[in-house]
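Shown next, in structure tokens, is the structure this report addresses.
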Amino acid sequence: MSTGPDPRRIRTRAELARELDLLRARAAAGTPKARVSLEHLAGLVRLPRSTLHSYLSGQTLVPSEVLDRIIVALGADPAEQREWNEAWYRVHAGAHSDPPDVEPAAAPFCLPPVARGFTGRDAELAELDRLADNGFGAGPVVSAICGAPGVGKTALALRWAHRARDRFPDGCLHVDLRGYDPEPRLPVADAMAVLLGSLAPGEPVPADLAVLAARYRARLAGRRVLVLLDNAADAEQVRPLLPGTGSCLVLVTSRDDLAGLLARDGAYRLRLGVLPLPDALALLDTVLGAGRVAADRRAATVLAQQCGCLPLAIRVAAELAAARPAVSLADLAGEGRLLDRLAAGADPRTDLRAVFSWSYRHLVHGDREAARIFRLLGAHQGADFTAATVAAVAGADPGQVRRSIDTLLRAHLVEPAAAHRFRMHRLLKAYAGELAAGVPEPRSGGQATFTTLGQK
């Protein structure tokens, strides 16, 4: 059994004092002293000796910011600092707990509603069930639902979360991280404040991110909670929001493949593709209603295929058809440019061009050569392509083109078709083709930009 300090054992002021004493002893290892002296430590943390003594003896609960100074002075590394902060909040919560006759607050339930007409995804729902049944252990279970824009990642996450809410008696939390959105991405501190506010409504939110993180994790310690982190930009935005306890399950949705979250944090990836045609038709029928799919199944099939069986596109097409009951599905399928038909009014979150543009802007800001290759692919005539054929058209180094394709794969803007061959969803290809031709790309503020094929 370890005789060194272990803040995970701390629940009371007396235990905090004991572990701090062990930390003082560890810091003095290799010196003639048994522990760092009170006088020396008081000088390091700039406190009167009597005040420091009252904290170290457990007579008074040390303020969290003072504890930070003490443990840093005694050589705690960043991981240990987080554990000491979590320990402080456990002690603080115990010292300020409600009297026994006060009824505890209800478990928070913060999930948005499930979209009407959710269809299919039985295999994916079963996989999430399996993770929840078997995955809990030393750390939180993290499942990353990744896929192309409009493929239904959030819809799947919400469907499963509502269905599984009884598995999480201590609450279900949700925050939209705005990783791909007309609004700027949500800062980690703001996201953590949203989550902590759901767990402890009315409590002041610490301004210091490290203290905020410690309080958030302390609130989750030992509780069975679902945390849904929706629309993440990347692993770096997600990682600070992971609970420190194995009793929680974290569900993340992102267009990014979140490879870092799998490699470093042990996340499971659930890659979501388009719907099979029967499920796409079922979704069209459910949202459209009035038996119009059954009345003209051939036209409905053509419309679903034009949408590439992409759930968001099918929902927008169904809304358009419902708003024009006098127009047949066959006539609707033959109208105008595809992306013009799939612009749902003034809502940027259902306008396919706008939805795709958020992924494209990530490319422009992060890898301009990959953005150029994306535009080139919009002008490609074949059903699929290789890195060599793209390099020949682009006049670029094949190695650089392969790296750009890897970037597009991670962003789910292209997908593997066969060994060393790739393809692009038909709607993404139509969007890339418009960029290649210099068609205006909508901004969330209503302005437009023009992008040309050769621009780097």
Side-chain angles (χ1 to χ4, degrees), residues 108-112 114-115 118 120-180 186 188 191-192 194-195 198-199 216-217 220-221 223-275 311 409-412 415:
F109 185 78
C110 309
L111 299 177
V114 180
F118 182 92
R121 305 300 193 193
D122 292 339
E124 291 86 355
L125 291 167
E127 178 64 12
L128 291 172
D129 284 340
R130 186 191 66 77
L131 287 176
D133 287 338
N134 304 320
F136 293 100
V141 178
V142 183
S143 178
I145 302 175
C146 305
V151 82
K153 301 176 292 294
T154 297
L156 172 64
L158 287 175
R159 174 71 167 190
W160 184 83
H162 278 270
R163 199 174 75 167
R165 62 177 298 181
D166 290 343
R167 296 174 181 263
F168 304 97
D170 296 316
C172 298
L173 310 181
H174 172 271
V175 62
D176 180 359
L177 299 177
R178 301 200 308 248
Y180 297 83
L186 192 66
V188 168
M192 201 172 288
V194 170
L195 296 169
S198 301
L199 290 165
Y216 164 64
R217 292 192 172 102
L220 289 173
R223 301 174 69 182
R224 183 60 65 92
V225 175
L226 170 67
V227 181
L228 175 48
L229 306 177
D230 197 12
N231 192 14
D234 49 40
E236 291 304 313
Q237 191 184 24
V238 171
R239 190 170 287 119
L241 303 175
L242 298 181
T245 178
S247 59
C248 294
L249 187 146
V250 181
L251 204 54
V252 187
T253 70
S254 182
R255 300 182 189 185
D256 188 78
D257 70 355
L258 300 178
L261 211 60
L262 275 70
R264 178 174 161 183
D265 302 283
Y268 301 88
R269 182 192 290 131
L270 183 59
R271 205 182 295 276
L272 204 59
V274 298
L275 291 170
L409 285 166
R410 288 194 297 272
H412 294 95
E415 62 183 15

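Only heavy atoms go into these numbers, but all of them, side chains included; no hydrogens, no water, no symmetry mates.
Note that CG of L226 is 7.5 Å distant from CG of L173, once rounded to the nearest 0.5 Å. Atom CG of residue L262 and atom SG of residue C146 lie 7.5 Å apart, to the nearest 0.5 angstrom. Taking CZ from R121 and CG from L128, the interatomic distance works out to 11.5 Å, rounded to the nearest 0.5 Å. Here CG of L251 is found 9.5 Å from CG of L131. Values are rounded to the nearest 0.5 Å. Atoms SG and CG, on C248 and L242 in that order, are 10.5 Å from each other to the nearest 0.5 Å. Atom CG of residue L258 and atom CD1 of residue I145 lie 11.0 Å apart, to the nearest 0.5 angstrom.
Minimum interatomic distance between P311 and V151 (heavy atoms only, all atoms of both residues): CG-O, 3.3 Å. In terms of heavy atoms, L220 sits closest to S247 at O-OG, 4.1 Å. When all heavy atoms of P243 and V250 are compared, the pair lying nearest together is CD-CG2, 3.4 Å. Closest non-hydrogen pair, S254 versus A232, comes out as OG-O, 2.6 Å.
Residues satisfying the salt bridge (Lys or Arg N to Asp or Glu O under 4.0 Å) criterion with D234, sequence neighbours excluded, are R185. In this structure E415 satisfies the side chain to side chain donor-acceptor pair (under 3.5 Å) test together with R423, sequence neighbours excluded. By the ring-ring contact (aromatic ring centres under 6.0 Å, His included) test, Y180 is found to be paired with H362, residues two or more places apart in sequence or in another chain being considered. Annotation: side chain to side chain donor-acceptor pair (under 3.5 Å) contacts of R163 (sequence neighbours excluded): D129. Qualifying side chain to side chain contact (heavy atoms under 4.5 Å, CB included) partners for A164, counting only residues two or more places apart in sequence or in other chains: W160, R167, F168. For R217, the side chain to side chain contact (heavy atoms under 4.5 Å, CB included) partners two or more places apart in sequence, or in a different chain, are R82, E86, A213. Take A155 and apply the side chain to side chain contact (heavy atoms under 4.5 Å, CB included) test, not counting sequence neighbours, and it matches F118. D257 pairs by the side chain to side chain contact (heavy atoms under 4.5 Å, CB included) definition with A259, R269, R271, R410, H412, not counting sequence neighbours.
With T245 contributing its side chain and A221 its backbone, the two residues share no donor-acceptor pair below 3.5 Å. At least one donor-acceptor pair closer than 3.5 Å links the side chain of Q237 to the backbone N or O of L177. A donor-acceptor contact shorter than 3.5 Å is absent between the side chain of H174 and the backbone of F109.
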After noting the C-alpha distance and the side-chain angles of V227 and L241, does the key distance pass the side chain to side chain contact (heavy atoms under 4.5 Å, CB included) rule? CA-CA 9 Å; V227 181; L241 303 175; over 6 Å; no
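Counting only residues at least two apart or in different chains, salt bridge (Lys or Arg N to Asp or Glu O under 4.0 Å) contacts with residues 236-248 comprise E236-R239, R239-D265. Applying the side-chain hydrogen bond (donor to acceptor under 3.5 Å, both in side chains) test to residues at least two apart or on different chains, the pairs with a partner in residues 140-158 are T154-D230.
The side-chain contact (heavy atoms from CB on, under 4.5 Å) test with M192 singles out one residue from V188, V194, L195, and that residue is V188.
Counting heavy atoms from C-beta on, the side chains of L199 and R223 come closer than 4.5 Å.
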